[in-house]
There are 2 protein chains.
Amino acid sequence: MATIDDVARRAGVSTATVSRALRGLPNVAEPTREHVRRVAAELNFAVSRSASSLASGRTDTVAIVVPHVTGWFFAKVISGAEAVLRAAGYDVLLYSIGDTESRERFFARLPLRGRADAVLVLALPVTEAEVGLLEGLGVPIGLVGHDVAGLHSVGIDDAAGARVATRHLVNLGHKRIALISGDGDPLGFTVPGMRRAAFQEVLRANGLRDAGEVVGDFTYAGGERAMTELLAREDPPTAVFAMSDEMAVGALKALRRHRIDPGGAVSVIGFDDHEMAEVLDLTTVAQPVAEQGSTAASLVLRQIGGQRATEPERVVLPVRLVVRGTTAPPRS
Amino acid sequence: MATIDDVARRAGVSTATVSRALRGLPNVAEPTREHVRRVAAELNFAVSRSASSLASGRTDTVAIVVPHVTGWFFAKVISGAEAVLRAAGYDVLLYSIGDTESRERFFARLPLRGRADAVLVLALPVTEAEVGLLEGLGVPIGLVGHDVAGLHSVGIDDAAGARVATRHLVNLGHKRIALISGDGDPLGFTVPGMRRAAFQEVLRANGLRDAGEVVGDFTYAGGERAMTELLAREDPPTAVFAMSDEMAVGALKALRRHRIDPGGAVSVIGFDDHEMAEVLDLTTVAQPVAEQGSTAASLVLRQIGGQRATEPERVVLPVRLVVRGTTAPPRS
DNA sequence: CTGTTAGCGCTTTCAA
DNA sequence: TTGAAAGCGCTAACAG
């Protein structure tokens, strides 16, 4: 593999000039630059990233830390972030630290130390200690889906989303409304708690009490189990708010199995606006997902460029109610 | 940030000893090693990866190249590969080059040159020219979901999968069988072609002709559209083979909308064994997805360690028919 | 078992 | 506009 010295020698200039010419820096005569470019191409030269970053202190890489790569939400967010980073010339280093063990190892060793110019933490609520470790990296940090005082973040108003979902059911006239919630918080997700509180708040404000809450683990199967359980109760709900579309789809499946028409005897509303929601005619609260990733990426990119730390921005993206066929007034 | 020299000075040893001690190399007295470790911890020292890889020529990083991060299949494969790589101490660099433009830029600049000790190319059929470029990187290459002479690869027997699916329908007594296929090959995917050929082969072997083929783009919505179109034909099929579960689910939705009972008037079989397949009681051909990623990762890892290039392995993982409720004999 | 010493390939002053 | 030269922080012989 050709080095910068090979190019310099062959082009009859100094390595400094090659470096400048190839990086598009000013103060290089255009003919010189052209010549260097040509020679570099001939030699099939590409800078050694490690040498370059050792010398410059830059890595041209951004780390993305996620709980999982699978899962509709995470994949979408990563995808949104990656597009922006790639376009800005950054490479993406991926760390998925879903289980406790890998999470601990990650924070203990911080493998990305010195490997990234910025870090994006997706949907992973970090403890105060972890924030400290991340800040010790000395690079800009961007959060998606949760926020921490002093750090840049992007997210949605989960409470507002849950409120609009619940109000929609209340406004249709439902009195017995149940919740299919997220899991028992193994990773410390804050989302389920926020949505639950907002759900309860709206019910209370309308003089209602929930008709049950069942955990659905944010999966299809969990949603189906949860709905099945709710249907077997003494006084089954006439409407259900599922904290994610995936669980809502599972719930629809359970209804169908019980020969209950969604939007007929039982209304269902989800959260996300998953591609499947449209296909299944599921009423839901839409959130911009890829955009949360791209916005966060832009945020940290701006930080990298910035001379001094700007004060943390907290971007809240809008959610909106998408009414489809699975919600309707209760049967009288 | 402390450097290795700071640690060496403070510990009263040479930098070489620090390097050896911290990397767990032999020939370091245990007390010395302990002492160095302690001092390094005190100083919060972490090796500079760029310095380290500049000096050693290793990067401890593997690049994963995919068309998209979203999409059930890709996310799962990435996840499987990542787990293995992480466990082996490698970081993961992610390149998604789904659209033609980013694909061209990727191969033109090969940003991973010198940044990775191996490359995993997932479900992205590479042209001969592209293979040449990748090989020019001089690192082991692993392919998933397609293969190229001379390269290591992991995949399933797509033809066998499609045959078993089609035979299942034929064996149930169906005569009018349609295909919901993948998209028009924008990225050069070879999978749709292989599955289609196998489908036709089985029909032919049984003296049948297909009852139509409609493109479903590997999406829910596409599957629904495709099924809807098939139902509007002169002589609609009594059974449908969808090349992916996602399309099959869309097809089920279309049937439901037409008040047709899946597994009753029309049978549907998918491909993948997506989580949703179980929930929706969808008959399908199961393929190990995460395992394709992890196997490929192991393959290249072995190559990295290996002194000389072993001859290319081509691992074919098994598929199996999972019969559920959406397939049954045709109504007489 | 430990230390010395060349580099690894680039970027970046500082001079010219 | 270009060149010379000093590192960036580490690893890997080689010596001892």
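Reminder, nothing fancy here: chain letters follow the sequence lines and each chain counts from 1. Everything numeric in this text was worked out from a predicted model, so none of it was measured.
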Contact nearer the 5' end of DNA chain C, comparing Pro26(B) with Ala55(B):
Pro26(B)
Distance-only, no hydrogens or angles: does the Arg314(A) side chain make a donor-acceptor pair with backbone N or O of Ser153(A) under 3.5 Å?
no
Glu34(A) atom CD is separated from dT2(D) atom P, nearest whole Å, by 13 Å
Integer-rounded Å distance: dG9(D) C1' and Leu43(B) CG
15 Å
Under 4.0 Å from any heavy atom of chain B: name the first and the last nucleotide of DNA chain C that qualifies, 5' to 3'.
dC1(C) to dG9(C)
Quick check for you: among dA4(D), dC10(D), dT2(D), whose closest atom lies nearest to any side-chain atom of Ala16(A)?
dA4(D)
Output yes when Glu42(B) and Arg38(B) qualify as a salt bridge under the 4.0 Å nitrogen-oxygen rule, no when they do not.
no
Can a side chain N or O of Arg20(A) be found less than 4.0 Å away from OP1 or OP2 on dT1(D)?
no
Salt-bridge contact Asp91(B)-Arg115(A) (side-chain N to carboxylate O under 4.0 Å)
yes
Taking 4.0 Å as the cut-off, does a side-chain nitrogen or oxygen of Thr17(A) come that near to OP1 or OP2 on dT2(D)?
no
Can you measure Arg9(A) atom CZ to dG3(D) atom P for me and round it to whole angstrom units?
14 Å
So which heavy atom on Leu112(B) is nearest to which on Ala63(B), and how close?
CD2-CB, 3.5 Å
Scan Arg49(A) against the nucleic acid and name what it touches under 4.0 Å (heavy atoms): base, sugar-phosphate only, or nothing.
nothing
